[in-house]
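First comes the structure, then the notes that go with it.
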2 protein chains.
Amino acid sequence: MEIFDEELPAEISQACATSPLRSAICFIGDMWILLIVMHLLHGPMRFNALRESMGHISSKTLSQRLKMLEEKGFVQREAFLEIPPRVEYRLTSTGQELGDVIKAIDQFAEKNFSAK
Amino acid sequence: MEIFDEELPAEISQACATSPLRSAICFIGDMWILLIVMHLLHGPMRFNALRESMGHISSKTLSQRLKMLEEKGFVQREAFLEIPPRVEYRLTSTGQELGDVIKAIDQFAEKNFSAK
DNA sequence: CAGGATCCGATCGGATACTG
DNA sequence: CAGTATCCGATCGGATCCTG
C-alpha cells in the first residue's frame with residue numbers, strides 16, 4: 001500500500017535515509033517525478049492532459065507517481081463531481097518549491113543539453 | 001557500447017529528446033547520477049572511496065554511471081600509473097555546474113525531508 | 001474521463017568470481 | 001585497487017482490458 005515506504009530494504013536505506021539530501025535525491029532522482037512536476041508548474045492539469053503532454057507515459061506509471069507526490073504532500077488531487085469525471089492535479093505550496101530544482105536543471109540544460 | 005545513446009527507442013525519445021530540459025531531466029532523473037555528483041562536489045575521489053561513501057552501490061552500477069558521466073563530459077577520469085593502481089574521478093568545469101542542481105535539491109530537502 | 005488489475009517482457013542492479 | 005563478465009532474481013513499466 002505504501003508506495004514510498006520509509007522502511008526500505010536495509011541496503012537502500014543506507015543510500016537514501018542517511019540525510020535529508022540523500023532522501024530528497026532518492027525521491028527526486030526519478031525521471032517521471034521530475035517530468036510531472038515540470039508540467040504542473042504551469043498550473044493544474046487533468047490526468048489525461050498530463051498523460052498526453054508527457055509523451056507516452058502509461059496510466060499505471062503516471063498514477064503511481066502522482067500517488068507518491070500526494071503522499072509527500074507535493075501534489076494535491078482534486079476531484080470534481082461531474083460526469084464525465086474530472087480530476088485535477090496541482091502542486092501544493094511546498095510542491096511549488098520544487099520549481100527551483102527544475103529551474104536549476106533548466107539552466108544547466110540550456111548550457112549543456114542544447115543541440116548537442 | 002553506447003550507454004546513453006541518442007538513438008533511443010521511439011517512445012522514450014518522445015519523453016526525453018524533445019527539449020533540452022527534458023533531455024536533462026532524463027539524464028539527471030537518476031538517483032545514482034545525483035548521488036555520485038553530490039559526492040564529487042567535495043573534490044576528486046577514487047573508485048572504491050566513492051563506492052563506500054555511497055552506501056552499497058555495486059561496482060557494476062557505479063562504473064556504468066561513471067561512464068555515462070564521462071561520455072557527457074561531466075566527469076573526468078584520471079588514472080595514475082602506480083601499483084596498486086589509483087584512479088581518480090573529478091567533476092569537469094561543466095560538471096561543477098551540476099552543483100547548482102544539487103544545491104537546489106539540498107535546500108528543498110532541508111525544508112521538506114528533515115525529520116519527517 | 002480517471003484510474004485499477006493483470007500480464008508479461010525488458011531492464012535494472014546486486015552478488016560473485018575473475019583479471020591487470 | 002579498479003574494474004569487467006556473468007548470472008539471475010527483482011523491479012519496472014508498457015499494453016491491454018475493465019470499471020464507476
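Convention: sequence-line order gives letters A, B, ...; per-chain numbering from 1.
Remark: A:Ser19 engages A:Leu21, A:Arg22 in a side-chain contact (heavy atoms from CB on, under 4.5 Å) (not counting sequence neighbours). Residues satisfying the salt bridge (charged side-chain N to carboxylate O under 4.0 Å, His left out) test with B:Arg51, not counting sequence neighbours, are none. With sequence neighbours excluded, no residue forms a salt bridge (charged side-chain N to carboxylate O under 4.0 Å, His left out) with A:Asp106.
The listed nucleotides are D:dG13, C:dG14, D:dG3; the one nearest the side chain of A:Trp32 is D:dG13. Of the candidates D:dA2, C:dG14, C:dA2, the closest approach to any side-chain atom of B:Asn48 belongs to D:dA2.
Contact between the side-chain N/O atoms of A:Arg65 and the OP1/OP2 oxygens of D:dG13 is found at a separation under 4.0 Å. The phosphate of D:dA2 has OP1 or OP2 within less than 4.0 Å of a side-chain N or O from B:Arg46. When the side-chain nitrogen and oxygen atoms of B:Arg77 are compared with OP1 and OP2 of D:dA2, none of them lie within a distance under 4.0 Å. In this structure, B:Thr61 reaches the C:dG14 phosphate: one of its side-chain N or O atoms is under 4.0 Å from OP1 or OP2.
Look at CZ on A:Phe80: it is 11 Å from P on C:dA2, rounded to the nearest Å. The distance from atom CD of B:Glu78 to atom P of D:dG3 is 12 Å, rounded to the nearest whole Å. The nearest whole Å value for the distance from the CD atom in B:Gln64 to the P atom in C:dG13 is 7 Å. Here D:dA2 presents its P atom at 15 Å from CD1 of B:Ile57, a figure rounded to the nearest Å. One can place CD1 of B:Ile36 at 13 Å from C1' of C:dG13, the figure rounded to the nearest angstrom. Spacing between atom CE of B:Met31 and atom P of D:dC12 amounts to 12 Å, rounded to whole angstrom units. Here the C1' atom of nucleotide D:dG20 and the CD atom of A:Glu82 are 15 Å apart, to the nearest Å. Put simply, NZ on A:Lys67 is 15 Å from P on C:dA2, counting in whole angstrom units.
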Shorter than 3.5 Å, N or O on both sides, protein versus nucleotides 6-9 of chain C: list them out with atom names.
residue : atom : partner : partner atom : Å
C:dC7   : N4   : A:Lys60 : NZ           : 3.3

Interface polar pairs with nucleotides 17-20 of chain C, N/O, under 3.5 angstrom:
none

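Using a 4.0 Å heavy-atom criterion, one finds that B:Tyr89 contacts the sugar-phosphate atoms exclusively. Within 4.0 Å (heavy atoms only), A:Arg51 reaches no atom of the nucleic acid at all.
A 4.5 Å side-chain heavy-atom check between B:Gln64 and B:Lys67 finds every atom pair outside the cut-off. Here the side chains of B:Ile28 and A:Met31 are not in contact, with every heavy-atom distance at 4.5 Å or above. A 4.5 Å side-chain heavy-atom check between B:Leu66 and B:Trp32 finds every atom pair outside the cut-off. You'll find the side chain of A:Val75 reaches within 4.5 Å of the side chain of A:Leu40, heavy atoms only.
Residue A:Ser63 is the one, among A:Ser63 and B:Asp30, whose nearest nucleotide of DNA chain C lies closer to the 5' end (criterion: closest heavy atom). A residue-by-residue look at B:Ser58 and A:Val87 shows that A:Val87 has its nearest nucleotide of DNA chain C further toward the 5' end.
Within the structure, the ring pair (Phe, Tyr, Trp, His ring centres under 6.0 Å) test picks out the following pairs touching residues 83-109 of chain A (sequence neighbours left out): A:Phe108-B:Phe74.
Closest approach of B:Ala17 to B:Ser23, counting heavy atoms only: CA-OG, 4.0 Å.
Distance check, rounded to the nearest 0.5 Å: CD1 of A:Ile102 to CD of A:Gln96 gives 11.5 Å.
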